[in-house]
Each structure stands twice: as C-alpha cells, then as structure tokens.
Amino acid sequence: MADVSLKEVALIVGVVAACYWNSLFCGFVFDDVSAILDNKDLHPSTPLKNLFQNDFWGTPMSEERSHKSYRPLTVLTFRLNYLFSELNAVSYHFLNLIFHGVVCVVFLKVCKLFLDNRSSVVASLLFAVHPIHTEAVTGVVGRAELLSSIFFLAAFLSYTKSKGPDNTIVWTPIAVTVFLVAVATLCKEQGITVVGICCVYEVFIAQGYTLPVLLDTAVQILQGKGSIPFSMLQTLLKLIVLMFSTLLLVVVRVQVIQSQLPVFTRFDNPAAVSPSPARQLTFNYLLPVNAWLLLNPSELCCDWTMGTIPLVESLLDVRNVATLIFFCFLGSLVVFSLRYPGDSSKTVLMALCLIVLPFIPASNLFFPVGFVVAERVLYVPSMGFCILVAHGWKKLSNKSVLRKISWVCLAVVLFTHALKTLHRNWDWESEYTLFMSALKVNKNNAKLWNNVGHALENEKNFERALQFFIQATQVQPDDIGAHMNVGRTYKNLNKTKEAEESYMIAKSLMPQIIPGKKYAARVAPNHLNVYINLANLIRANESRLEEADQLYRQAISMRPDFKQAYISRGELLLKMNKPLKAKEAYLRALELDRTNADLWYNLAIVYIELKDPTEALKNFNRALELNPTHKLALFNSALLMQESGDARLRPEAKQRLLNYVKEEPQDANGYFNLGMLAMDDKKDVEAEAWMKKAIRLQPNFRSALFNLALLYSQTSKELMALPVLEDLLKYYPDHTKGLILKGDILMNQKKDIVGAKQCFEKILELDPNNVQGKHNLCVVYFEERDLIKAEKCLVETLALAPHEEYIQRHLNIVRSKIASLSATEQSSLPADGTATTAAEEKKKSFQNLKEVKNEQKTSQMIADNKKGQSKNKKRTEKNNMEEETPKKSTKEIKDIEKKRVAALKRLEEIERILNGE
C-alpha cells in the first residue's frame, strides 16, 4: 500500500473546496430543521446522557414516534457546533466540507490497495466531485454519512494490517477494527457493514482464494479426502471474531431500539405496504434506479417518496427490463471477480463489495425503510462505483488507440460533475429553492408540493402556500397531511369555515379502529394531530367546547401515550373552568414526559387557578430547572413572587425579570414589572427608569403611563406627572383613575379649578355612579363657593355610597356651614371684616376637607392601581398577554388603614374648627 503524498492531499482538498465553497452560504433546510433547529439535545443545558437515550432527531428511543435512528456521535458533533456558534449555519456546513475532504483523502489511501497511484487519484477525484454527494455534504444531516464513512474506511484500513509474516494473525489491528466499527455504527447504522467487506477481503484478497478453490476444498473435506488447511483455520478464526463482534453490536443495537422497528406509512414508502408481487418487483426495480443515479446524476431530487416512482405492479411492466439488465450485469461482474484470480478480479470484487454491502440496509430487500430512494445513502456505495470507473479508465488508457480519448472523457466527466455539484449546492440555499428544484424533476410527489407550501408559510405568504397545499391534495387525494395543511392555512387566513371543512376531510381519511389491532402501528403519529387541530379550531366557539373536548378524548383513546392531546385538553379544561380535570390531564402528560418544561409550566398555571400559589411556584421552578431560559416561566414566576407580598422573594423575582428581558428585550411588560418591583422597594429613581423604558417600547402602555404618573405624584413631582397623564388620556380618554389623578393635581397644584372640574365631569359622563369622581366634583362646587350645589352633590354621592361615613360627615359639615352663614347674613353686624373672616374660615375649612378626602382617595388609588397591567400567559406558545388585577398585599392593606385613620383624625379637627370648639 503506497502512502498518500502531500501533493495528492492538496489536490483532493483543493477540488473539494472548489466544488463545495458555496455550500457555506446555505441554511438549514429539510431534515436539518428537525435534527438541528428543533433538537434540544444540541443545547448545553441538556444532559449529555440524553444523546445516548434519544434518536437522531432528539426523540426518546422508547417513544413509538421515534425514528429509531441511533447516531449519538453525530449529534455530539452538532452539539459542538452549537457550543461554538449556536445556530450559525456556516459553521455546520464548514465542518461538513472538512469531513468530506477527510473522507476523500482516506478513500484515496484505500484505493491504493487495489489500484495504481494514477488510477487511485482518478477514483478519489471522481468521488470528490460526484453530484450525488451534495445531499450528504451540503445537507447538514448528511454528516452522519460523512462521519460513518471516515470510521468505516479507517476500520477497513486497520483490518488490512491484521495479516502478519507467514500468514500469522496480528490481533491489535483486529481489536482496533472492532472499536472503529462500533464508532462508525454510532455515527450511522450502515457502519456495521464494513465487517462484511473485511470478511470478503480476508478470504479473497488476503488469502487469495477464489470461489472454485473454496468449492474444491469443501468437497474434499466433505468426502474425507483431506483436512482443513492451517491457513484456512486461521482465516476462520479471524472471521469468527469479526462475526461475533458484529453479532454483539447487533444485539446492543436491537436493545437500544427496544426490539421495535420505526413506524412508517404508505406515503413514506408505498411499496412497503403493497401486496405481492408489486412489493418485490418495485423493490428490485429501485436497484437499477439507484445505479442510474450514480451513472447519470443529471436529475437529482431531495425527496423520492410518495408517487415519485410508481409501483411496478405487473411482470409485464416494461421497467422490469431495466431490473433484468441490472442483475445480469451485476451477476457477470460477481462471477468474474470470484472465479478468476488476478489483480483485476480482486479490484472488481472489492468495488462490488463497497457498492452492495453498505447499500443493503437501505435496499428495502430485508426490512422496509422510511424512503423509496435517498441520494445520501449512496455516499459509500459510490466509492465502489468510482473504483470501477477508475479501473475501467485504466484499462482504456493503457491502450494506445484509446489513450487520448480516455483522457478527454475523464476531463469532461470531472468538469461536468464538478459544475453540476457547484450548481446543485445552490438548490440547498433555502427550503423554497430546494423543493422548487425537486418539483422540476418530479411533479407527482405530494410531499414536495407540501414542502414548498411550508416554505412559503414560514414566510407568512399564506395565499401562495395555500395554492401549493391544494395542489398536493390533487396530486395525492388521500394524503391526510396535505388536507391538514390546507386547513391550517385557511385558519391563518381567518377562513374558519373552509378550515373546518379541510380538517373534516382529513379526519374522514383516517383508518377506522380495528378491534384488537394497535391503532398507532397503522397511522403516522403526526396524522393524529388532525383531531388536535380540529379541536383547537372549533373551541374558539364557546358553544362548541364540549365537542372539542370529545375530539381530544378521541385522540387519546386511539393512542393513550399521545402527549400533545393531554396538553391541548388541559388548556381546554382550564378554559371550561375545570382546573381539577386540567390538572389530571397535565399529570398524565407528565407521566409520559417528565422532562418537558412546558408541561410543568402549564401545571403551574393550573395551580394558580386553584388558588395554590405555593404549588404553582414549585412547578414554575421545576420548569426553570429543565429550561433556565423558559420565558413564560421566568415572567409569571416573578409576578407570583411579587404578588405574594414576601419581601424575601423580591430579589429572586427581580433576577428572573432581568433574565426575562434579556430573552425578550422588546417586551415592555418585563420592564414595567421591574419598575413595579422597584416601587415596592421604594427605589423611586430605578422605578422611574424602568417605567420610561417600558413606555419607549410601547408608547400606549396603559399601566406604565398611569403608574409613572402616580410615582411622580407620590414623590412630590406632580407637575412632571401632568404630561404623562396627558399621554395616557390621549390613548385612553376614558381612563377614570387617570382623570381623577389629573383633576387632583390641577386642583391642588395648579389651582386650575376649571380643568379639575372638566376631569371630574368627564368621569361622571363615563360612569355616573363613580363615587370618587362625584365626591371630588362636590369639592369643586365648594371651591366655587356654591354651597347649595355642593350640598346637593354630597346628598347624591351619599345615596351612591350610604355606608361611607366620611361622605355623611362632609355633608353634615356643609349643612352646618350653610346654617352658620345664613345666621351670619341675618345678623346686624355692620363690620365687613366679620363676614370676610367667616368666608375665609369657610374656604379654609373646605380646603382641609378637600385635602383630607384627596389624601384618602389617593391612598385608595395607590392600592387599586399599583400592580397595573400584569401578564398571565396560561398557555405555552399560543396565548397573548392578558391583564390581571392582583389582590392587595397585607402591607398595602395596613398602609391604607393607617391613612384612613389619619384622615378621620383630620376630619375630627375640621369638625372642631367648624363648631367653634
């Protein structure tokens, strides 16, 4: 085996870079979304052990919906990408490019085992530029192929060193091979097939046997004419070790998937559920289809499921000719490689092994897989194809007549393949470009129409998305998912009636329950979402809540481990004011998944409804343990701590709100509640800063505007409160408490009786029974020296609030004053000074009365409004902000009571003055 020179490495790496540099500008598309964007196993907060418990997509292997693709080492490299660049797609594509370069270099070293240097470089260059590899290299999830191939080839290279001098066994390379096989399998399942290649290499290459020799030896042994040669015994020993190791890996793999195959539908792989002979004919026809993609990669498609390749249902189908030709050609190569000795036959044999053995797991011949054709699974088989082509090119170039034309053909193939690869990379730039390129190749695949619709839907282009979804239903009328997509898009377009009709069509396509047969095994788990979507739609109608609940229960009856059904039903039960049943639903969901932070959050909301803040806070904390950046849990747990009135919880509440605004820097509610916390802590400057920030983000923030004005009023900055109140009343002209506060400031600070009167009259226009507004208007009448009107006003106010003692006292004082003034007017005192003194006394007394009432009223306003707008998000991802008025804390009630006592004392002083005591 010749070493790989630095020039050869530079050439290979340069060609790889030239072909794939533009892949760095591609995003996350197709399967990348599930494997990267939606996979929580990439996050540093997720324990590393989860990588070895979940499948490639982050779903626990124990769950039925799991794809059963166990590739923890590949996911680990994704996690490393996330650690350094989070979701920056460039780093992921760059690492894929590097891995492809490594594979090409290691493959060159493998080629030199069977080809000369020049042919080896040709094979490696063909492999580097082949367009079939774009899905594996440019698609981020294709990293599983790349990593597995590195260890696959390394394991094979290690095994080639297991033969020592005089045909002795060197065990260290064998041990390394077994280890590398295990690593390759943990990157992708097909890595285990390298063991078969090692076995073929040992028998036919290392030992030099041919099939006739092996048959002759076996016949002689069976006839008792000879014994097994020692060299053959050594070979058998090595093969036994390899096979035992392989068996052990298979057992472990079966245990990991818990002896369950993944659930696929006829839409994923129509032939898998077809009767004989259609199933066998179609699966055999797929072999020449894959071979043609290697030979002529001109029309590539990211998805070959559903109706891409129609079923071969009859022996008379002309496509069977392609199958026959393929097997004849393959059979002739097998016979040639096994029957005849020599380097050429050995090269062909190893090429065939690389083509056939790694492809077996994806061939559908032994067990069904979730696709019809997948270009990325041809990554390793293409190695054998490239060796065959390079070997054939070598034969042609050695003939003087064909030497020049062979070089020209090679140059053309390399150039056109490189150009095709470079162009194909741009198809993976976005989901829209990828699926549109696929539709150019195949218009009979409803999944492609659906995926273009999804791409447009993500861009909020619902009208165009609807066109593609409808086309998908026309291409595949029984596609449940397509009808669900149509329904969802109609819902986004606020066409509720059409949405319900589409969901009902999808529901009618669901197979009926067969007694004694497990329902989930016959239907894709995501198809059961039709019940969830339909229920979510109709529950917007208050009269159809029971109907929605019936749909949720139907989904649960079909599949008792359907977690989302419990979650959605819990939300509905809360809406129906059945918190105890909602609690049961969430607890059942938690039995299925205790690591779901959203579930713990929803359960906390249930406990809030059940008036159990202690348990609610415990569940909020559990949600934050699982996901420290859970935004809703951060915000609502902070509110719960704030509203508890426990000063010891305020620092933690503040920290959670700070974490929340870090996650949601554009949400004014976070800054507002930080301001409210600062007000609780008497940090007026800090409170003012937070309130102003909230108002900058949301200029019409009702509660922030009012509480900022109130803060100014409490800190003797009443004149600064006026412009804030003007803004508040500009947005909310009917804000009663804002009008009261503005009227107080105008009357007490600006001495603007007219302005204050307008405020209080406006309040009574909005609410004629508003006691505060009417009482303050009474004070204005007195300020205007209209005692009769003031008396009448207080009588009307007392009728509205007959149990308010202060109104009765004020009325008594006014009446007493009227009587006193009447007596004064009837007296004969000539001195004007006496009357003046009486008028001043009246003004002073009612000014005191006004201040007492304003102080009492202001204290009530502080208690009623201090909490302002609060957000109570009761659902994980759907509900909008809601306002909630919290109960007063014990401290606030005590403060109000103290001010009320002080007000009563001042009333007594006024009464003594007026009575001349």
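- Across all their heavy atoms, I387 and A351 have their closest contact at CG2-CB, 3.9 Å.
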For R253 and T185: C-alpha separation, side-chain torsions, deciding distance, then whether side chain to side chain donor-acceptor pair (under 3.5 Å) applies.
CA-CA 9 Å; R253 183 69 175 83; T185 306; over 6 Å; no

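- The NE2 atom of H130 sits 6.0 Å away from the SG atom of C386 when rounded to the nearest 0.5 Å.
- Taking the six-membered ring for Trp and the full ring otherwise, F30 and F435 have centroids separated by under 6.0 Å.
- Checked by atom type, the side-chain pair N425/T138 shows a donor-acceptor distance below 3.5 Å.
- Looking only at atom types and distance, the side chain of W428 has no donor-acceptor partner in the side chain of E135 under 3.5 Å away.
- Between H391 and S344, the side chains place a donor N or O and an acceptor N or O closer than 3.5 Å (distance only, hydrogens not considered).
- Note on D31 versus R376: salt bridge recorded, some NZ/NE/NH1/NH2 to OD/OE distance being below 4.0 Å.
- Rounded to the nearest 0.5 Å, atoms OG1 (T235) and CG (N167) are 6.0 Å apart.
- Taking every heavy atom of both residues into account, T282 and A278 meet most closely at OG1-O, 2.7 Å.
- Exactly one residue among H133, E145, H100 makes a side chain to side chain donor-acceptor pair (under 3.5 Å) with Y379. That residue is H100.
- Residues F94 and Y20 place their aromatic rings such that the two centres sit no closer than 6.0 Å.
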For W57 and S69, run side chain to side chain donor-acceptor pair (under 3.5 Å): C-alpha distance rounded to whole Å, both residues' side-chain angles, the deciding distance at 0.1 Å, then the answer.
CA-CA 8 Å; W57 317 99; S69 47; 3.3 Å; yes

Let me see the working for T323 and N284 under side chain to side chain donor-acceptor pair (under 3.5 Å), right down to the final yes or no.
CA-CA 6 Å; T323 305; N284 281 285; over 6 Å; no

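- For the pair S158 and T177, the tightest heavy-atom approach, listed with the atom from each and the gap, is OG-OG1, 3.3 Å.
- In this model, a donor atom of one side chain and an acceptor atom of the other lie less than 3.5 Å apart for N445 and D303.
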Intermediate values then yes/no, side chain to side chain contact (heavy atoms under 4.5 Å, CB included), K188 and T74:
CA-CA 8 Å; K188 191 176 181 184; T74 303; 5.7 Å; no

Show the numbers, then the answer: is there a side chain to side chain contact (heavy atoms under 4.5 Å, CB included) between V213 and Q207?
CA-CA 11 Å; V213 171; Q207 301 301 327; over 6 Å; no

Starting from the C-alpha separation in whole Å, work towards a yes-or-no answer on side chain to side chain donor-acceptor pair (under 3.5 Å) for Q280 and S276.
CA-CA 6 Å; Q280 291 78 14; S276 299; 3.2 Å; yes

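- Ion pair D116/R118 not flagged as a salt bridge, since none of the NZ, NE, NH1 or NH2 atoms sits closer than 4.0 Å to an Asp/Glu carboxylate oxygen.
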